[in-house]
Each structure stands twice: as structure tokens, then as C-alpha cells.
2 protein chains.
Amino acid sequence: MTVVQIITTREQLKQRMARKSSVSSVEPAVRSILDEVKQFKDAALLDLTERFDGVQLQTLRVSEQEIEDAYQEVSSTLLQALRDAKGRIQLFHEQQKEESWRIEPEEGVYLGQQVRPLSSAGIYIPGGKASYPSTVLMNALPAKIAGVKRLVLTTPPQPDGTVNAAVLVAADLCGVDEIYKVGGAQAIAALAYGTETIRPVHKITGPGNAYVACAKKLVFGHVSIDMIAGPSEVCIWADGQSNITFVAADLLAQAEHDEDAMACCLVPSLKYANALSEEVYRQLELMERKEIAEKSIQANGWIAVVEIEDETIEIINELAPEHLEILTADPESRLDDIEHAGAIFLGAFSPEALGDYMAGPNHTLPTSGTAKFSSPLGVYDFVKKTSIIRYSEEALGHVSEQIIELAKTERLQGHAQAIRVRAGEESR
Amino acid sequence: MTVVQIITTREQLKQRMARKSSVSSVEPAVRSILDEVKQFKDAALLDLTERFDGVQLQTLRVSEQEIEDAYQEVSSTLLQALRDAKGRIQLFHEQQKEESWRIEPEEGVYLGQQVRPLSSAGIYIPGGKASYPSTVLMNALPAKIAGVKRLVLTTPPQPDGTVNAAVLVAADLCGVDEIYKVGGAQAIAALAYGTETIRPVHKITGPGNAYVACAKKLVFGHVSIDMIAGPSEVCIWADGQSNITFVAADLLAQAEHDEDAMACCLVPSLKYANALSEEVYRQLELMERKEIAEKSIQANGWIAVVEIEDETIEIINELAPEHLEILTADPESRLDDIEHAGAIFLGAFSPEALGDYMAGPNHTLPTSGTAKFSSPLGVYDFVKKTSIIRYSEEALGHVSEQIIELAKTERLQGHAQAIRVRAGEESR
């Protein structure tokens with residue numbers, strides 16, 4: 001009665017590790033939405049919102065009154081949880097702040113790197129049936145800590161034309177400056193190109209469905225984006241002693257996200273694998289989101305039996321999972337050998353759910369193996385750098401000949417000339 | 001006899017400031033090249049190199065012998081210039097190194113950020129008639145300082161099947177690990193997807209023509225890329241006292257890059273503008289690359305008369321130029337007000353040519369106004385971060401209720417359950 005595939009050979013494993021690449025069949029539709037918003041601006045947003053969200057809006061912007069009302073709607077327990085989460089997320093992200101610096105490597109030479117916040121950024125928060133106040137915190141707080149002056153949030157309206165109260169409260173707690181009721185590719189278009197109501201921003205972050213992801217990819221270059229997120233993933237490394245109840249619960253917590261979510265586990269023995277699989281099955285029966293979790297586990301869940309620890313490390317590095325939980329007896333022992341992961345959760349009492357909400361580090365993490373070259377969302381995503389160069393006449397003199405030599409090599413005699421005129425040569 | 005357009009109204013200025021967006025008509029061709037390389041790998045590379053570069057290669061990889069020979073080919077002056085440039089670029093970029101960190105914000109809670117180099121990266125260096133050893137230094141050194149273990153360089157072969165000696169020497173000086181003779185979109189495809197000879201890399205950087213830029217945009221997401229570079233730009237801020245010879249030389253140094261390059265200047269009076277325009281014309285006549293520079297100046301060059309300093313600052317920030325030269329009497333006085341620029345060159349003896357080759361900061365800079373949200377290429381482009389989370393049982397207990405509250409709000413009861421089982425609730 002096992003529902004999780006148990007893998008015992010490297011050939012099988014290799015097949016399961018290959019993530020499906022999402023073929024973007026939505027691109028033509030997304031292109032036409034982008035064009036529509038570019039051309040008809042607010043009118044297009046209202047029209048598309050009616051078409052896709054079934055809501056006729058009068059105004060796109062969420063009013064002060066709506067935000068005030070939202071505070072009345074959320075429980076004091078939730079408000080406190082949001083405040084606590086905010087504090088812990090702030091504490092971690094404050095560490096990521098970068099200072100501008102200057103050096104004087106020799107007399108008459110000043111070089112520097114100025115770090116400045118982006119002047120504006122936009123956050124996309126999915127809506128519809130679900131609400132993600134935690135995602136608001138995880139996107140808005142790094143931006144505000146970076147010093148972004150104008151922080152905009154867009155989210156699709158609920159069927160009654162309102163925005164989820166928890167989302168509004170979370171946004172307000174973070175100091176989000178403008179909130180708009182618009183979702184999908186049209187929201188990304190508005191943030192990138194601007195409309196009468198929504199001024200464009202310089203960077204767009206936040207998760208979304210295939211339309212949102214495709215729109216972000218298409219506007220990339222015109223504005224900056226965070227990443228193209230794929231399905232969420234967890235890889236759990238268990239040893240023979242890891243608490244099976246915990247491991248199963250964590251696999252299922254991942255699987256409940258959506259049917260494409262990937263939950264996998266590396267275990268040391270077939271015996272453990274079988275016991276874990278049974279426990280997954282047992283807990284699955286008790287889940288409210290059983291249907292989604294079951295589909296996810298069946299399609300993308302697996303337990304691989306890997307007896308040799310070095311092989312386990314190798315597999316993890318090849319997988320480069322978004323979330324890695326290490327539930328072995330000494331979870332730090334091989335930490336330095338793990339090269340690629342979005343976030344690493346150490347020990348039995350650091351489940352992914354802790355990191356999703358409360359621990360402090362960002363829950364926006366690189367998926368689909370992109371941890372090989374991408375980082376968690378952070379304060380560094382909301383700043384940009386400018387180089388500063390100042391040479392005195394004498395200092396320039398010390399390097400003039402070398403510059404001229406290099407410029408000649410690259411056949412850029414005008415560059416050489418810009419140096420020569422400063423040495424008094426060939427000026428008028 | 002003025003060749004540079006002089007602008008005196010804000011309406012004219014607004015028009016000139018709008019960069020042409022490069023409509024990518026090459027996309028279908030690039031897509032088919034990517035597909036060809038994905039399918040036929042090395043065979044496709046050899047075939048495409050014959051087709052586009054007119055060279056029949058036996059092997060793609062540059063041999064040790066070819067690198068040794070290159071050292072014989074370059075002059076000792078050039079070799080010394082490359083070594084000096086390398087030292088200065090290293091000195092600046094060493095400052096950009098980031099350390100991993102850990103904090104213990106409360107008992108039983110460890111949070112951290114691990115900074116690790118990308119394990120591989122690929123640099124694209126344009127070839128053909130020109131050679132860009134400086135670009136090799138500017139891309140390879142940050143990667144090596146970051147700690148990239150496998151650094152690959154690709155560049156199109158010259159008509160005789162060799163690679164420019166200065167490029168080879170520069171690559172070798174930087175410790176580039178593999179060099180391949182392949183250019184264009186096919187090089188980007190090889191770096192992204194791999195062939196029998198060229199293993200894929202995790203990040204691709206470096207400039208290139210429309211095909212290369214388009215290929216980089218298409219492989220983005222599968223691998224990381226640095227940026228989509230547009231035409232190079234300089235904006236010079238002159239006051240009435242700025243040395244006209246210097247300003248004109250710097251405008252022309254920019255203009256000689258290519259016909260699309262943009263050279264502009266903000267000046268305080270029509271009198272200065274006229275004198276500058278005349279000087280540009282005078283120096284233009286003396287240029288080896290007169291034809292290119294003239295076309296660039298005519299198409300994209302302008303001098304704007306802006307009497308009020310605050311307006312000058314406003315224009316600069318709107319333009320967000322790749323290179324900003326401030327040649328005013330006190331170039332630092334308004335530095336803090338400049339929000340957007342790739343690199344800022346201060347004073348009469350810090351021409352862009354200094355930064356292109358020798359000053360130390362990177363010459364790969366955000367173009368087309370993307371300085372509003374992008375940074376110079378740096379060591380930070382070749383590292384990625386992993387978050388570390390470790391909570392003790394007791395520490396998790398302190399936040400369990402809040403996590404459960406937030407999970408319930410987001411209708412992720414499986415997440416709540418992952419916390420509950422750790423509190424001994426509902427375990428078996």
C-alpha cells in the first residue's frame with residue numbers, strides 16, 4: 001500500500017530528478033494582454049479584470065478605508081502572528097544591507113561603489129481562492145529594508161471586488177505605498193509599462209501562475225524581475241534515526257502546495273523507505289488538501305534509497321533543491337559539502353513550514369535546480385550599484401601609456417586620443 | 001558647420017532621450033540556431049562556424065600550444081599593459097567579495113547566509129575584425145575572484161581559424177580554464193545546453209551582437225545571464241569652465257564604438273554648446289574611425305543647453321546613462337543627488353577611456369536606462385547565496401502557534417501539521 005515511489009537504482013533516480021520543463025503555451029495570450037495594456041492602459045486593466053476575475057471594478061487602487069476595514073476583519077491572533085513574522089524577517093534581512101564604499105588605492109586615485117535602493121518596485125501577490133500574507137512580508141520587507149521609496153503591490157480582486165484582508169494588513173504593516181486590484185499578466189504589464197493610474201516600477205517580484213511567469217519573462221530587460229519560479233520543491237535527507245512522522249509530515253506539507261510540487265527524500269535503507277512510505281500514506285488520509293497532496297506525491301514524489309553518504313551529497317548537489325531539510329543525527333557535519341540549495345533546514349525541529357513563515361530568511365527561493373546560479377530573494381535584489389572613478393592629472397599620467405596601448409590593440413584610437421589630449425598632446 | 005545637434009527646449013530633449021528599443025528581428029533565426037546546437041551539438045557548431053565565420057575548424061578548443069604561441073605574438077608593452085590592468089581590476093573587485101555569515105538571534109536559533117561561487121561560468125567575447133582583451137579581463141577577473149572553478153571563454157575564430165593573440169593572452173593571465181573557437185548564438189547555445197566538447201555552464205556573461213543578445217535572452221532561466229546590453233552611452237556634464245577639448249574627445253571616443261553609440265553632453269550655455277560642437281567637428285576630422293563616429297554623432301549625438309543645475313541632475317537621473325562624466329569645477333558637489341548611472345567619472349582627468357581599460361571598476365555597465373535597476377558586472381554576479389535555518393525544539397515551540405495561525409490563514413493545513421507533529425500532537 002505504498003503511494004510514494006521508492007527508487008533503488010541510479011538510472012531510475014536520474015529519470016526522476018529531471019524536472020519537466022514547462023513549455024509555455026500561454027505566450028501568445030500573454031503577448032496580446034501586454035499589448036492591450038500598453039495601448040489601452042487603465043481601460044484594458046478594467047476590461048481584463050472583468051474578463052478573467054469576473055469583477056467590474058470602479059477603481060483599481062485600494063483605498064485607505066479598505067485598509068482600515070481590513071484591520072477590523074483579521075483576528076488579533078493573526079495580527080500578532082504577522083507582526084512576529086515581520087520582526088523575524090526584518091532581523092534576518094537587516095544583515096543583508098550593503099554599505100557604499102570608497103578606496104584610495106594610490107595618491108590621487110579614488111574608486112568607489114555606491115549602493116542605492118531602487119526608486120520603485122512592484123510586488124505581485126496571487127489571489128483568487130487563496131491568500132498569501134506571508135508572501136507579502138517576504139517580498140515587501142526586503143524592498144523596504146533596501147530603502148525602496150515607492151513600493152507597489154498588485155493582487156487580483158476576490159469575486160466581490162475586495163482584496164483579502166490578511167494581504168492588506170500584511171502590506172500595510174510593511175509600509176507598502178500603493179495597492180492595486182489587478183492580477184495576471186495584465187498586472188505585470190501595468191507594473192512594467194504603466195497606465196494612467198499605475199505608474200511603472202523598475203523591478204517586479206513575486207510568484208504567480210503560468211501567465212504571470214510568462215509576462216515577467218517577456219518584460220525582463222525593460223524592467224528587472226526576481227526570477228521565473230517553477231513548482232515548489234523539498235528534498236529531505238534522512239538517516240536511519242530520523243523521525244519518520246516528521247519526515248512524512250514535511251513531505252506532505254510540500255505536496256499540498258499544488259499538484260506540480262515536488263517532495264522527495266533520500267534515505268539510507270529500503271526498510272526506512274518502506275516505513276516512510278507507509279507513514280506518508282497514513283498521514284495523507286488525514287489531510288484537508290488530500291486530493292492535491294496525493295496527486296503531487298503520485299506524480300512527483302519519490303524516496304530514493306542511497307546507502308553511501310557521499311552519493312547522497314552528490315545527488316543533492318545535482319538536484320539543487322529549493323528547500324533541503326537535513327534530518328540526520330548530525331545535520332551540520334556535511335553542510336560545507338552541499339554546494340547548491342535555496343535554503344537548508346538543519347535538524348528535526350527546523351521544518352520547511354518554519355522557514356515559510358517565521359524563521360526570518362526569505363521563502364522566495366530558486367526552484368528547478370536554479371539554486372546552482374540563483375539566490376533567495378533578498379535586500380540585494382532591491383539595490384543597485386554605481387561605480388565611482390576619480391583620478392588626478394598625475395595619477396592619470398601614470399597609466400596613460402598603458403591605456404593608449406590597450407586602446408590601439410582594440411583599434412579604438414579615439415579612446416587613445418581622449419588620453420593624449422589630457423597629456424597636452426594634440427590639443428588645439 | 002555644426003555636426004552635433006544642439007537642444008535648447010525640454011520637448012526636443014525628451015525626444016532625444018528616448019532610446020530606440022531594438023526590435024529583435026533576429027529571434028526566429030536565433031531560435032533555429034539554438035535548436036540546431038541542442039540537437040546536433042559539436043557537429044552543429046562546426047557547421048555554423050563554417051557558415052557564419054567562413055572557417056572550417058578541426059577542433060573547437062584552443063590548445064595549450066596556441067596559447068603559448070600567443071604570448072610570442074603580443075608585444076612586451078601590451079603584455080605589461082594587460083598585467084597592469086589586471087592588477088588594478090583585481091584590486092577594485094577584491095572589495096566586492098562577500099563573506100558568509102551566521103547569527104544567533106536567540107537561544108537555540110541559528111540563521112545564516114552562505115555565499116558560494118558559481119561552479120561554472122562562460123564568457124562570450126566578440127571577435128571578427130576587432131579584438132577585446134580588456135573585455136576578457138573585465139569578465140574573467142570578477143568570476144575568478146568570486147571563486148568560479150570552471151571558467152570557459154568562447155570567441156569566434158578569425159578567418160584563418162586562429163583566435164586573436166591578445167584575447168588568448170588576456171584569458172590566460174586571468175586563469176580562464178577552457179577557450180573555444182565558436183561565436184554568435186551558437187556559442188551561447190553551447191554554453192547553455194552543452195555539446196560533446198563544451199560542457200554547459202551555469203552563467204553566461206559578455207557582450208555581443210544582436211544574435212548573441214537574443215540568444216542570451218532566450219536561454220535566460222535555463223542558465224543565468226549578466227544583462228542584455230544595448231548600445232554604449234556617455235553623458236558628459238560640463239560647466240562653463242570645462243575643457244572643451246577634453247569634452248569633445250570623450251564624446252568622440254564614445255561615438256567611435258559603433259553607429260548606435262550615444263554621446264551626449266549637458267552644458268550651461270548656448271555659447272559653450274556652439275564652441276563644443278565646433279571642437280567635435282574639428283577633432284572628428286582627425287579620427288581614424290571618422291566614418292563610424294560621424295554617423296553615431298549625427299544619429300545619436302546631442303548637446304543640451306540646461307542653465308539650471310537642478311534640471312541637469314533631473315535629466316541625468318531620467319537618462320540613467322551607462323557612463324556619466326562630471327567635468328564641472330566641483331564634480332563631487334552633487335554626487336549624492338545622482339541616483340542612476342552605471343559608472344560616474346569625476347573631474348577632468350577621469351575620462352571614460354580610463355575606466356574602459358585601467359581604473360579598476362568594471363566596464364560592463366547597464367545601458368539604455370537600465371542603470372535604474374541594474375549594476376555594473378561584479379564579483380556578486382558570480383556567487384549565489386543559500387539560507388541556513390536551525391531551530392532547537394524549544395525555539396520552535398516559541399513560534400509554533402504563530403506558524404499554525406499563518407498556515408491556517410493560507411489554507412495550508414499540512415504546513416500546520418508539520419509543526420503540530422513536532423509538538424507531539426497527533427503523531428502516531
Side-chain angles (χ1 to χ4, degrees), chain A residues 77-78 81 84 91-92 105 111 118 132 134 166 202-203 221 224 228 245 249-250 252-253 256 287-288 341 343-347 349-351 353 355 357-361 372-373 375-376 384-391 393 396 399 402-403 405-406 409-410 413-415 417-419 421 427, chain B residues 77-78 81 84 91-92 105 111 118 132 134 166 202-203 221 224 228 245 249-250 252-253 256 287-288 341 343-347 349-351 353 355 357-361 372-373 375-376 384-391 393 396 399 402-403 405-406 409-410 413-415 417-419 421 427:
Chain A
T77 324
L78 177 58
D84 285 1
L91 189 146
F92 181 85
L111 304 174
L118 304 190
Y132 299 103
S134 67
H202 293 143
K203 180 157 193 167
S224 177
I228 308 290
T245 309
D250 292 357
L252 289 169
E256 77 171 338
M287 290 186 82
E288 295 193 27
I344 304 175
F345 297 78
L346 296 166
F349 294 94
S350 313
Y357 293 116
M358 268 287 162
K372 286 175 180 165
F373 51 77
S375 302
K384 40 97 182 183
K385 289 148 188 164
T386 299
S387 301
I388 307 289
I389 296 168
R390 179 164 200 170
Y391 267 56
E393 181 169 7
L396 180 64
V399 289
Q402 286 97 317
I403 297 173
E405 181 68 26
L406 289 166
T409 303
E410 300 194 353
Q413 286 86 353
H415 284 57
Q417 186 63 9
I419 303 300
V421 295
S427 68
Chain B
T77 325
L78 176 58
D84 286 1
L91 189 147
F92 181 85
L111 303 174
L118 304 189
Y132 299 104
S134 67
H202 292 144
K203 180 157 192 168
S224 176
I228 308 289
T245 309
D250 293 356
L252 289 169
E256 77 171 338
M287 289 186 81
E288 296 194 26
I344 304 175
F345 297 77
L346 296 165
F349 294 95
S350 313
Y357 294 116
M358 268 289 162
K372 287 175 181 166
F373 51 77
S375 303
K384 41 99 182 180
K385 287 148 189 164
T386 299
S387 301
I388 307 291
I389 296 168
R390 178 163 201 172
Y391 267 55
E393 182 170 5
L396 180 63
V399 289
Q402 286 97 317
I403 297 173
E405 180 68 26
L406 289 166
T409 302
E410 300 194 355
Q413 285 86 351
H415 285 57
Q417 186 62 9
I419 303 301
V421 295
S427 69

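Per chain, numbering begins at 1; letters A, B, ... match sequence-line order. Just so it is clear, the model here is predicted, and its values are computed rather than measured.
When the candidates A:L118, A:I403, A:I228 are compared by the number of heavy-atom contacts under 4.5 Å with chain B, A:I403 comes out ahead. Among B:I388, B:L346, B:L91, the residue with the largest count of heavy-atom pairs under 4.5 Å with chain A is B:L346. Contact count against chain A (heavy-atom pairs under 4.5 Å) is highest for B:S375 among B:A249, B:S375, B:G347. Comparing B:A418, B:P376, B:P351, B:G355 by heavy-atom pairs within less than 4.5 Å of chain A, the highest count is held by B:P351.
Between A:I344 and B:R390, every side-chain heavy-atom pair lies at or beyond the 4.5 Å cut-off.
Checked by atom type and distance alone, the side chain of A:Q413 never pairs as donor or acceptor with a backbone atom of B:E288 at under 3.5 Å. In this structure, B:Q402 contributes its side chain and A:D84 its backbone to no donor-acceptor pair below 3.5 Å. Panel note: side chain B:S387, backbone A:P361; no donor-acceptor pair is recorded below 3.5 Å. B:E410 places a side-chain N or O within donor-acceptor distance of the main-chain N or O of A:S134, the cut-off being under 3.5 Å. Between the side chain of B:E405 and the main chain of A:T77, no donor-acceptor pair closer than 3.5 Å is present.
Using the six-membered ring where Trp is involved, B:H415 and A:Y357 have ring planes that are perpendicular, over 60° apart on the 30 and 60° scheme.
Of the two parts of B:A166, only the side chain, counted from C-beta on, holds a non-hydrogen atom closer than 4.5 Å to a non-hydrogen atom of chain A. Neither the backbone nor the side chain of B:L252 comes within contact range of chain A, judged by heavy atoms closer than 4.5 Å. Both the backbone and the side chain of B:K372 come within less than 4.5 Å of a heavy atom of chain A. For chain A, the nearby parts of B:E393 are the backbone and the side chain; heavy atoms of each come within less than 4.5 Å. The part of B:M287 that comes within reach of chain A is its side chain, from C-beta onward, which places non-hydrogen atoms under 4.5 angstrom from that chain.
Every residue two or more places apart in sequence or in another chain that forms a salt bridge (charged side-chain N to carboxylate O under 4.0 Å, His left out) with B:K385 is listed here: B:E98. Here A:Y391 pairs with B:R88 under the side-chain hydrogen bond (donor to acceptor under 3.5 Å, both in side chains) rule; sequence neighbours left out.
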key: A:K384 vs B:F373, side chain to side chain contact (heavy atoms under 4.5 Å, CB included): CA-CA, chis, key distance, verdict   = CA-CA 6 Å; A:K384 40 97 182 183; B:F373 51 77; 5.5 Å; no
